[in-house]
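The block underneath contains the structure these notes are about, expressed in structure tokens.
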Amino acid sequence: MIRLVKTMNRPLKTMNRPVMAGLVVGAGLVAMVLPAAASVDNGLPIRWNTGGAVWSTNRAAMKTFLESGEVTDRGLQSGLNSSGWTADEVREGLNKTYSVDMVGVSRFLYSANGVKFLKNQTTSYFPYWSKTSYSVQALRAAIIADARDGQISAAGIMANLPVDMRLADFCNTYSGAQNVCAEGRCQGEAQCTSLLSWYVFLPACIQANQQSDPVAQVRINTQAPAAVPAPQPSVIRGLW
């Protein structure tokens, strides 16, 4: 927005007052929606932070890997080496799709348990500039956007991230380890903490925890009174 205002300063002098007022109001609305330091370019799904070093893996490199298996980025290669899986296994896991209901997914992600889940899933992976301040909103937006067609995948969630994301490991504040929602299905530290392993498990966890429509559930129970509805899970489940 700063660039827009600067380039339009001269033309604005020739505009009438109503038009100028509209531009000012529009700019104000955008300022309220976006965090002050939000990244304009969301083409960097993984910015690897280790101490003082930063290496960014862009969407093009991820797309090449997902489509052909070719690794053209050194950050991605390092991430694969420390994932606990082979490159082929990671590629298969990232591309695997899961059927979901977007409303059910949204219902979970906006619930108290869902917010807790999102916070837990972004302990070291969050927006580059705002860090954990908007980590819940960023990951939730990506998941819901990918769920619009009734299918989600790790690759789809990554492609729908609204901002650049970093994996942080610095200042003794962030460890670079992710809380992989595997519940015993991951083996070893790498599989249970690495970013790419986290991505592999994430869609299955969302599918397992999506919430059905309570009204529809009541109707089903009314039609079949002999059936006893299963209790809603009180904990978040992990599955792949």
Side-chain angles (χ1 to χ4, degrees), residues 29-30 32-35 38-39 42-43 45-46 59 62-63 66 92-123 125-127 130 132-165 178-183 185-186 195-240:
L29 290 174
V30 172
M32 288 189 293
V33 172
L34 295 176
S39 172
N42 62 350
I46 310 176
R59 295 192 189 280
M62 286 303 306
K63 182 178 180 181
L66 291 169
E92 179 183 357
L94 295 179
N95 282 316
K96 185 175 181 179
T97 59
Y98 298 80
S99 298
V100 295
D101 172 62
M102 188 187 74
V103 176
V105 168
S106 300
R107 187 177 290 112
F108 166 62
L109 294 179
Y110 276 97
S111 69
N113 275 346
V115 172
K116 180 180 179 181
F117 170 82
L118 292 169
K119 287 181 178 179
N120 182 264
Q121 294 300 294
T122 52
T123 53
Y125 184 61
F126 39 68
S130 61
T132 56
S133 298
Y134 295 95
S135 59
V136 167
Q137 293 88 334
L139 182 57
R140 180 167 58 202
I143 295 170
I144 293 175
D146 189 40
R148 287 177 298 179
D149 61 353
Q151 298 280 331
I152 61 171
S153 67
I157 293 171
M158 187 183 296
N160 280 285
L161 290 170
V163 293
D164 293 347
M165 300 284 281
Q178 281 291 96
N179 294 322
V180 176
C181 55
E183 290 194 355
R185 293 178 179 268
C186 59
L195 178 66
L196 293 178
S197 184
W198 170 81
Y199 256 122
V200 165
F201 283 103
L202 181 62
C205 294
I206 299 300
Q207 183 194 55
N209 288 282
Q210 61 184 325
Q211 296 179 1
S212 59
D213 185 353
V215 175
Q217 186 67 38
V218 169
R219 290 173 180 170
I220 293 173
N221 292 339
T222 301
Q223 295 173 357
V228 179
Q232 290 295 323
S234 58
V235 296
I236 296 168
R237 296 170 291 171
L239 181 65
W240 177 42

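Note that this is a predicted model, so its numbers are computed, not measured. All residue numbers in this chain count up from 1 along the given sequence.
One finds the CZ atom of Arg107 at 11.0 Å from the CE atom of Met102 (value rounded to the nearest 0.5 Å). Taking CD of Gln178 as the start and CG of Asn120 as the end, the distance is 9.0 Å to the nearest 0.5 Å. Taken to the nearest 0.5 Å, the CG atom of Asn209 stands 8.5 Å off from the CG atom of Asn113. Interatomic distance, Thr123 OG1 to Trp198 CH2, rounded to the nearest 0.5 Å: 9.0 Å. Note that CZ of Phe108 and CD1 of Ile206 are 5.5 Å apart. Values are rounded to the nearest 0.5 Å. The CG atom of Leu66 sits 11.5 Å away from the CZ atom of Arg59 when rounded to the nearest 0.5 Å.
Checking side-chain atoms of Ser133 against main-chain N and O of Ser130 turns up a donor-acceptor pair under 3.5 Å. Of the possible donor and acceptor atoms, none in the side chain of Asp146 sits under 3.5 Å from a partner among the backbone N and O of Ala142. Remark: side-chain polar atoms of Gln121 are paired, donor with acceptor, to backbone N or O of Asn179 under 3.5 angstrom.
Using a 4.5 Å heavy-atom threshold, the side chains of Lys119 and Thr132 count as separate. Side-chain contact check for Leu109 versus Leu118: some heavy-atom pair is nearer than 4.5 Å. No side-chain heavy atom of Met165 sits less than 4.5 Å from a side-chain heavy atom of Pro45. The shortest distance between side-chain heavy atoms of Gln207 and Asp101 does not fall below 4.5 Å. The shortest distance between side-chain heavy atoms of Cys205 and Phe117 falls below 4.5 Å. Using a 4.5 Å heavy-atom cutoff, the side chains of Ile144 and Arg140 are in contact. By the 4.5 Å heavy-atom criterion applied to side chains, Lys96 and Ser153 are not counted as neighbours.
A side chain to side chain contact (heavy atoms under 4.5 Å, CB included) with Leu202 holds for exactly one of Leu139, Val180, Ile152; it is Leu139.
Shown here for Pro203 and Ala154, the closest heavy-atom pair between the two residues is CG-N, 3.2 Å. Taking every heavy atom of both residues into account, Asn160 and Arg148 meet most closely at OD1-NH2, 4.1 Å. Here the closest non-hydrogen pair linking Ser135 and Pro127 is CA-CD, 3.6 Å. Between Asn95 and Ala155, the shortest heavy-atom distance links the atoms OD1-CB, 4.1 Å.
The aromatic rings of Tyr125 and Tyr199 lie perpendicular to each other, with more than 60° between the two planes, well past the 30° mark.
The aromatic ring centres of Tyr134 and Phe126 sit 6.0 Å or more apart.
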